[in-house]
Each structure stands twice: as C-alpha cells, then as structure tokens.
Protein chains: 2
Amino acid sequence: MHITRYTDYSLRVLMYLAVKGEALSTIKEIADSYQISKNHLMKIVQQLNSKGYVIATRGKNGGLRLNGKPEDINIGVLVRDIEQDLTLVECFGEGNTCVITPACQLKTVFAEALECFLQKLDQYTLADLLPQHQQAKFVQLINLN
Amino acid sequence: MHITRYTDYSLRVLMYLAVKGEALSTIKEIADSYQISKNHLMKIVQQLNSKGYVIATRGKNGGLRLNGKPEDINIGVLVRDIEQDLTLVECFGEGNTCVITPACQLKTVFAEALECFLQKLDQYTLADLLPQHQQAKFVQLINLN
DNA sequence: TTAAAGATGCATGTAAAATACATCTTTAAA
DNA sequence: TTTAAAGATGTATTTTACATGCATCTTTAA
C-alpha cells in the first residue's frame with residue numbers, strides 16, 4: 001500500500017514554501033534542495049497551482065509561494081484532492097470484474113477503513129508537519145544539500 | 001493508493017473456502033470460479049498455507065480448506081500479514097532519500113493514519129465479509145461463471 | 001504405478017508511475 | 001524592444017512493481 005510520489009512531493013513542496021514564508025521560491029531551487037526531478041516537480045506544481053494551493057508567478061524573478069497560511073491547509077483534504085486513485089481494491093473501481101461483488105462486504109469494509117485513514121489526516125494541517133521548534137533544522141537540511 | 005491483487009485474491013480465496021465449509025476446494029476450481037490466473041493463485045495459496053490460514057492437502061482428491069472458523073480470521077491481522085509492503089510514503093522505507101526527514105512530521109502523521117486504517121479492519125472478521133443472508137447468493141455467483 | 005493435486009523457481013508481460021525532452025507563454029530587467 | 005528567467009504544456013521514454021506464465025518437482029490416494 002503506497003501513496004504516489006506525486007502526493008509525497010506535493011507535500012514536500014508545500015512544506016518548503018511554508019518555511020519560506022512570503023519569499024518566492026523557484027521550482028529549480030526546490031528540485032535541487034530535495035534532489036528530485038525538476039520535470040516531475042513542474043507537473044506537480046502546475047496542479048498545486050491550478051487547485052489553488054500555491055500561487056505561481058511567471059517570468060523573470062517569478063516563483064512560487066503558498067496560497068494561504070500553513071494552518072489552513074488540511075492534510076486530509078489535500079490527499080483526497082491530489083492522490084489520483086483511491087481505488088483501494090478492484091471492486092472500488094470502474095472495471096471491476098470480481099464476480100462475488102454483489103454478495104460481498106469487502107468493499108464496504110475497506111471503504112470504512114479508508115475513511116478512517118483520511119479522517120485521521122483531517123486532524124492535521126501543513127503547520128503540524130513542521131513544528132516551530134524544528135524549522136531551523138529544516139532550513140539547515142534544505143540548504144546543506 | 002492500492003492494496004495489491006495478492007491481498008485481494010487472498011481474501012477472495014478465504015471467503016470461498018469459508019462458504020465451502022468442510023469440503024475441499026482445489027485451486028483450479030477457485031481460479032475458474034473467479035476467472036483469475038491459476039498460476040497467481042498458486043503463489044497466494046502457498047503463502048496462505050505457510051502462514052496457517054488454510055490447510056492444503058496434496059495429491060489425488062486433495063484440495064484446500066480453511067484453517068479455523070471464519071469468525072476467528074481477523075481482516076486487519078490478515079492484511080498486516082499478507083500485504084507485502086506497507087511503506088505508505090518514501091520516508092517509511094529503507095532507501096529513504098528525503099533530506100528533510102529529521103525535521104518532518106509526515107512520517108508520524110501517516111503512520112498514525114495507517115494505524116487507524118488497520119484498526120478499523122481489526123473490527124471485522126472473515127465472517128463479516130459474508131453475511132449469512134448473502135451466502136446463497138454467493139454460491140450462485142461462483143457457480144454461474 | 002499413475003493421475004491428480006499442491007510446491008517451487010525462473011522467465012516474461014503489463015500497466016502505472018516517474019522522469020525526460022521539447023516547445024510554448026509570460027514577464028521583468030537590461 | 002530584446003533577452004533571459006521563470007512557469008505551462010504535451011509527448012515520449014524509462015523504470016519498476018506487480019501480475020502472470022511456464023516448466024518441473026513432490027506428494028498421495030486410487
């Protein structure tokens with residue numbers, strides 16, 4: 001069971017921007033800091049922008065900043081929004097071929113469990129991922145590499 | 001976010017055997033009923049056998065039966081046991097390269113959410129997946145195909 | 001002794017995800 | 001007004017986990 005890198009990287013970008021505050025950060029800068037693919041990050045940022053999580057400014061001296069305060073960005077909401085495919089088991093999806101589906105509670109049970117998972121994430125915001133007392137360390141880590 | 005077919009099929013096999021009761025079922029029979037790969041099922045059954053969920057009898061007139069009562073097979077326990085890789089995000093795993101891990105709460109938060117997911121599954125057993133009143137329907141479905 | 005069952009190891013196929021590449025658009029500074 | 005630095009977008013390629021196939025071995029009851 002995995003979350004895609006796509007969602008993982010989305011969260012990392014938002015954390016980066018949260019620490020940066022009002023200052024703009026470029027995609028290249030973020031990709032370099034995290035040592036991950038700039039190309040992949042572009043797609044991610046594009047989506048974060050279109051969904052309103054970040055504000056992207058094009059052109060020279062452009063860059064990214066967080067849209068809103070870290071305390072207002074909920075992790076559960078974000079994951080529901082970004083993680084592309086939450087079809088936990090085959091019978092969740094469109095192309096389900098499982099013959100017993102009409103007589104089986106698997107779907108119900110897993111749907112409940114997924115909801116529990118997401119509700120736990122609903123209890124946290126971006127601010128919780130970066131406690132105040134660890135922000136200095138965070139800055140160190142992203143500058144060192 | 002997905003559970004592997006491996007785990008999905010494991011659950012289906014156990015449900016099949018639960019309905020069959022004391023009678024033995026062969027892998028071929030189960031694969032045919034569900035219209036899934038017999039080869040893949042063999043691997044799955046082998047693991048279910050080695051982990052003690054089923055009892056496999058080799059040789060002529062052999063087959064499979066459930067080891068224990070459906071009420072005693074817990075879904076959460078099973079998923080923890082069978083689902084190969086519960087590293088939800090990169091920082092859960094061995095080869096983690098995320099530079100901010102030491103200053104980041106992501107791991108903690110997702111670990112909590114995963115635990116909620118599994119604890120919800122802990123509330124159900126194999127018997128709950130197949131309510132008594134749907135067993136007749138179940139039998140119909142696996143024989144029709 | 002033979003046929004029907006599961007066990008095992010290795011090879012291959014497949015689809016989703018990740019990444020790369022190329023080109024376009026926007027914008028501020030020189 | 002041109003140029004360079006930024007993001008936007010679409011297509012192609014690579015990678016990887018997962019699923020499946022195939023061949024051979026072992027067990028066991030008829």
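All heavy atoms count here, side chains included; hydrogens, waters and symmetry mates do not. To find a chain, count down the sequence lines: A is the first, B the second, and so on, and within it residues start at 1.
- Atom CD1 of A:Ile3 is separated from atom P of C:dA18 by 11 Å (rounded to the nearest Å).
- Atoms OG and CD, from B:Ser10 and B:Gln47 in turn, are 6.5 Å apart once rounded to the nearest 0.5 Å.
- Rounded to whole Å, atom C1' of C:dG9 lies 15 Å from atom NE2 of B:His40.
- With hydrogens and angles left out, the side chain of B:Lys43 and the base of C:dG9 share a donor-acceptor pair within 3.5 Å.
- If you check every strand for non-hydrogen atoms under 4.0 Å, B:Asn61 touches sugar and phosphate atoms only.
- Contact annotation: B:Gln46 does not reach the phosphate of C:dG6 (side-chain N/O to OP1 or OP2, under 4.0 Å).
- Among the atoms of the strands shown, none is found under 4.0 Å from any heavy atom of A:Asp85.
- In this structure, the CG atom of B:Asp8 is 21 Å from the P atom of D:dA17, given to the nearest Å.
- When each of B:Thr7 and A:Lys60 is assigned the nucleotide of DNA chain D bearing its nearest heavy atom, the one mapping closer to the 5' terminus is A:Lys60.
- At whole-Å resolution of the value, NZ in A:Lys38 and C1' in C:dT19 are 13 Å apart.
- Side-chain contact between A:Val79 and B:Phe110 is present, with heavy atoms from C-beta onward closer than 4.5 Å.
- For the pair A:Ile36 CD1 and C:dA18 P, the computed distance is 11 Å after rounding to whole Å.
- Of the nucleotides present, C:dT1 is the one that pairs with D:dA30 by Watson-Crick or G-U wobble criteria, both distances under 3.5 Å.
- The distance between atom CD of A:Glu83 and atom P of C:dA18, rounded to the nearest whole Å, is 9 Å.
- Atom CG of A:Asn39 is separated from atom C1' of D:dG7 by 13 Å (rounded to the nearest Å).
- The shortest distance between the side-chain N/O atoms of B:Ser37 and the OP1/OP2 oxygens of D:dG21 is below 4.0 Å.
- Regarding contacts with the backbone of C:dA7, a side-chain N or O of B:Asn49 is found under 4.0 angstrom from either OP1 or OP2.
- With contacts defined as side-chain heavy-atom distances shorter than 4.5 Å, the pair B:Ser25/B:Leu17 qualifies.
- With hydrogens and angles ignored, a donor-acceptor pair under 3.5 angstrom links the side chain of B:Arg58 to the base of D:dT26.
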Decide yes or no on salt bridge (Lys or Arg N to Asp or Glu O under 4.0 Å) for B:Glu29 and B:Lys38, but give the supporting numbers first. CA-CA 9 Å; B:Glu29 174 193 334; B:Lys38 185 191 161 200; over 6 Å; no
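- Note that the CG atom of A:Asn74 and the CG atom of A:Leu118 stand 10.0 Å from one another [nearest 0.5 Å].
- Nearest-nucleotide assignment on DNA chain C puts the 5′-proximal partner with A:Tyr6, out of A:Thr57 and A:Tyr6.
- Using Watson-Crick or G-U wobble geometry with both donor-acceptor distances under 3.5 Å, D:dA23 finds its partner in C:dT8.
- Checking D:dG10 for Watson-Crick or G-U wobble geometry (two distances, each under 3.5 Å) identifies C:dC21 as its partner.
- B:Ile27 has its CD1 atom 6 Å from the P atom of C:dA7, to the nearest Å.
- Within the 4.0 Å cut-off from OP1 or OP2 of C:dA17, not a single side-chain nitrogen or oxygen of A:Tyr9 is found.
- The minimum heavy-atom distance linking A:Ala111 with A:Phe92 is given by the pair N-CZ, 3.5 Å.
- For A:Thr26, the side-chain atoms get nearest to D:dA6 when compared with the rest of D:dA6, C:dA17, C:dA7.
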